[in-house]
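I have placed the structure first, in the form of structure tokens, so that the comments after it can refer back to it.
Note that the coordinates shown come from a computational prediction; the quantities given were computed from them, not determined experimentally.
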Protein chains: 2
Amino acid sequence: MKYSASKENHLKAIFHLQQEQGIVTTNALAASLRTKPASVTDMLKKLKEQKLLIYERYKGFKLSTEGRKAAVLVIRKHRLWELFLVKKLQFGWDEVHEIAEELEHISSRELVDRLDAFLGFPETDPHGDPIPDSQGRFQPRKQVCLSELPLNKVVQVSGIASQTTEMLELLQYNHIRLGTRLEIRKKFPFDDSLEVKVRNRPPVTISARVAKNVLVKDDEPLSEKR
Amino acid sequence: MKYSASKENHLKAIFHLQQEQGIVTTNALAASLRTKPASVTDMLKKLKEQKLLIYERYKGFKLSTEGRKAAVLVIRKHRLWELFLVKKLQFGWDEVHEIAEELEHISSRELVDRLDAFLGFPETDPHGDPIPDSQGRFQPRKQVCLSELPLNKVVQVSGIASQTTEMLELLQYNHIRLGTRLEIRKKFPFDDSLEVKVRNRPPVTISARVAKNVLVKDDEPLSEKR
DNA sequence: TTTTAATTTTAGATTTGTCTAAATTTATTT
DNA sequence: AAATAAATTTAGACAAATCTAAAATTAAAA
Ligand SMILES: [Mn+2]
Ligand SMILES: [Mn+2]
Ligand SMILES: [Mn+2]
Ligand SMILES: [Mn+2]
């Protein structure tokens, strides 16, 4: 029931890769964890041993039910801690990822559930990602990435897919953050870059790379809660 | 500047043993960490390598200035997290030690200092132990252990030296907690046990072992702050 | 369909932290 | 002062996690 920090990191990364592609590859996982393929293979064997992974050599792999449950718990912890850091300790939303990367490995279930209550059972983390509840239930996010948005449609930033410090810094610099209302003014097919307009600001150009990582949803001027 | 959890645990344990005895021995440290003397010797060599320890083989050891600084930071983190768990997450004072034992190894300095601010720069943890400030400055506690208290002097429980779950459970059972006012009614020289009286309760008998771990200070009915 | 390339796995090493059993040093008794 | 006991250290082993270099497998190109 309790896994090492390294195992938890692997489970979480596999879960995220599964979301995009159905099946995960050794190289992709190694890249995502900034480790080497040989190291990944070693870990895969251990995870299979513990029945956390469905895995046949040379044929890719995916999480078992057990494995998915464990991964979701890590994600739950990560996102709750991120929100705690921003809401209660006044960290910036672009400063919390690394710290949560450590905090997510604290093992006490009781702690997680009480933290959840302390934060008022929040639905999303500071980057707009949904927080699984104590049963591991996930609200899927209803959002699309900026690169797939049509021209001149005003939307609201609801999430950031990649959360490297470099990425978050770039967005900060361009005054794009969670909740920012914006629209696309122009698309440049040459490199798929976009001209983006934020209200009361000069337009800025965003690379395709960045656009793929900014998630937006329909602008809802009024609160969703009725 | 960043040490492994195991190194931090060793540094902290050495610091605590130093408080009581001036010099620390391999066996004492092994007992305190529930590990084996041979393992301790291995670790001592590494700590000396990193100049955290003054150590000559067979001659005992103590922390260097560096080592003491590192140890105090771990203690600061431990106690701040304990207080957080009790004050903000509604844990009982006897439930937090194990969790803090993990949380104390989270590395971010910024996190610790913000947590400190969030808690209002507290002076003591839930067990009455002083919390070092961000410079590592310590307020020494002005308290004495129950076994050294004269008869019939009313005092207030201000700290618990050993914080095993078993110990805290025993105290809970006898209605002794932080802030409890009590006095010693009788001492039994045979085994150094004590009869202790808490107001509105029947007297209870406390072993010498327990008495040595209950810290008390003069009963101050009015707040210390003026 | 061979040949070549990319991916994945194995073999063998390394680091960190721990252990047991045996040897060494220091402390205590006779 | 020897002999015995206690404390400490060394020697050698092991598990976890990682790496490099080489081999095996699968995929893509010629
Ligand atoms: Mn992590
Ligand atoms: Mn996040
Ligand atoms: Mn610890
Ligand atoms: Mn404490």
Side-chain angles (χ1 to χ4, degrees), chain A residues 1-14 17-18 20-63 67 70-71 74 101-102 104-107, chain B residues 1-14 17-18 20-63 67 70-71 74 101-102 104-107:
Chain A
M1 287 291 155
K2 209 194 139 185
Y3 310 107
S4 71
S6 178
K7 286 207 176 93
E8 288 192 335
N9 285 338
H10 284 254
L11 292 170
K12 188 178 64 156
I14 295 169
L17 288 173
Q18 258 180 211
E20 301 160 21
Q21 316 140 26
I23 209 88
V24 189
T25 73
T26 302
N27 270 354
L29 183 52
S32 142
L33 288 168
R34 279 117 154 278
T35 181
K36 297 293 182 290
S39 309
V40 165
T41 302
D42 289 341
M43 185 59 84
L44 294 180
K45 286 190 231 161
K46 295 172 199 161
L47 293 177
K48 182 185 181 178
E49 190 71 24
Q50 281 169 92
K51 299 192 194 297
L52 297 166
L53 205 63
I54 315 292
Y55 168 54
E56 295 291 334
R57 73 202 185 303
Y58 287 111
K59 309 193 84 171
F61 46 89
K62 61 179 183 180
L63 296 173
V74 179
E101 205 58 45
E102 288 183 52
E104 71 189 359
H105 304 295
I106 302 295
S107 58
Chain B
M1 288 293 151
K2 207 194 141 186
Y3 310 107
S4 72
S6 179
K7 285 209 176 92
E8 288 192 335
N9 285 338
H10 280 80
L11 292 170
K12 188 178 63 156
I14 295 168
L17 288 173
Q18 258 182 209
E20 300 158 23
Q21 316 141 23
I23 210 86
V24 190
T25 73
T26 301
N27 270 353
L29 184 52
S32 142
L33 288 168
R34 282 120 154 273
T35 180
K36 297 293 181 291
S39 310
V40 165
T41 302
D42 289 341
M43 185 57 85
L44 295 180
K45 286 190 229 160
K46 295 173 198 159
L47 293 176
K48 182 186 181 177
E49 190 71 25
Q50 280 168 93
K51 298 190 196 296
L52 297 167
L53 205 63
I54 314 292
Y55 168 55
E56 295 291 335
R57 76 205 182 303
Y58 287 110
K59 311 193 79 170
F61 47 88
K62 60 179 183 180
L63 296 173
V74 179
E101 205 59 44
E102 286 184 53
E104 72 189 358
H105 304 294
I106 302 295
S107 59

Rounded to the nearest Å, what distance is computed from the [atom1] atom of residue [X] to the [atom2] atom of nucleotide [N]?
X      : N       : atom1 : atom2 : answer
H10(A) : dA16(D) : NE2   : P     : 14 Å
N9(A)  : dT18(D) : CG    : C1'   : 14 Å
E56(A) : dT25(D) : CD    : C1'   : 15 Å
F61(B) : dT8(D)  : CZ    : C1'   : 10 Å
Q50(A) : dA17(D) : CD    : P     : 9 Å
D42(B) : dA11(D) : CG    : C1'   : 10 Å
R34(A) : dT18(D) : CZ    : C1'   : 16 Å
I23(A) : dT26(D) : CD1   : P     : 15 Å

Using a cut-off of less than 4.0 Å, is there contact between a side-chain N or O of [X] and OP1 or OP2 of [N]?
X      : N       : value
T35(B) : dC19(C) : yes
N27(B) : dT8(D)  : yes
S4(A)  : dA16(D) : no

**Asked** Between CG of L29(B) and CZ of F61(B), what distance do you get to the nearest 0.5 Å?
**Response** 5.0 Å

Base, sugar-phosphate alone, or nothing: which one does [X] contact when heavy atoms must sit under 4.0 Å apart?
X      : result
S39(B) : base
Y55(A) : sugar-phosphate
T26(B) : sugar-phosphate
K59(A) : nothing

**Student check: side-chain heavy atoms of L63(B) and I54(B) closer than 4.5 Å** =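 L63(B) vs I54(B): side chains apart.
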
Options [options], nucleotide nearest the side-chain atoms of [X]:
X      : options                   : value
M43(B) : dT18(C), dC19(D), dA17(D) : dT18(C)
K45(B) : dT18(D), dT10(D), dT18(C) : dT10(D)
T41(B) : dT9(C), dT9(D), dT18(C)   : dT9(D)
K36(B) : dT20(C), dT9(C), dA7(D)   : dT20(C)
S6(B)  : dT7(C), dC19(C), dG17(C)  : dG17(C)

**Name of the residue among E49(B), K62(B), K48(B) meeting side-chain contact (heavy atoms from CB on, under 4.5 Å) with Y55(B)** =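 The residue from E49(B), K62(B), K48(B) that satisfies side-chain contact (heavy atoms from CB on, under 4.5 Å) with Y55(B) turns out to be K48(B).
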
**Request:** Find which nucleotide of DNA chain D each of R57(A) and K46(A) is nearest to by heavy atoms, and output the residue with the more 5' nucleotide.
**Result:**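 Closer to the 5' end of DNA chain D: K46(A).
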
**Request:** Determine whether any donor atom in the side chain of Y58(B) lies under 3.5 Å from an acceptor atom in the base of dT24(C), or the reverse, and answer yes or no.
**Result:**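 Yes.
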
**Request:** Mark yes or no for whether K12(A), through its side chain, and V74(A), through its backbone, hold a donor-acceptor pair below 3.5 Å.
**Result:**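 No, because the side chain of K12(A) does not come within donor-acceptor range (under 3.5 Å) of the backbone of V74(A).
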
**Asked** Do you know which two heavy atoms are closest between S32(B) and L17(B), and how far apart they sit?
**Response**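 Looking at all heavy atoms of both residues, the shortest contact is CB-CD1, 4.3 Å.
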
**Message:** If I compare all heavy atoms of Q18(A) with all of V24(A), which pair ends up nearest, and what's the gap?
**Reply:** CG-CG2, 3.7 Å

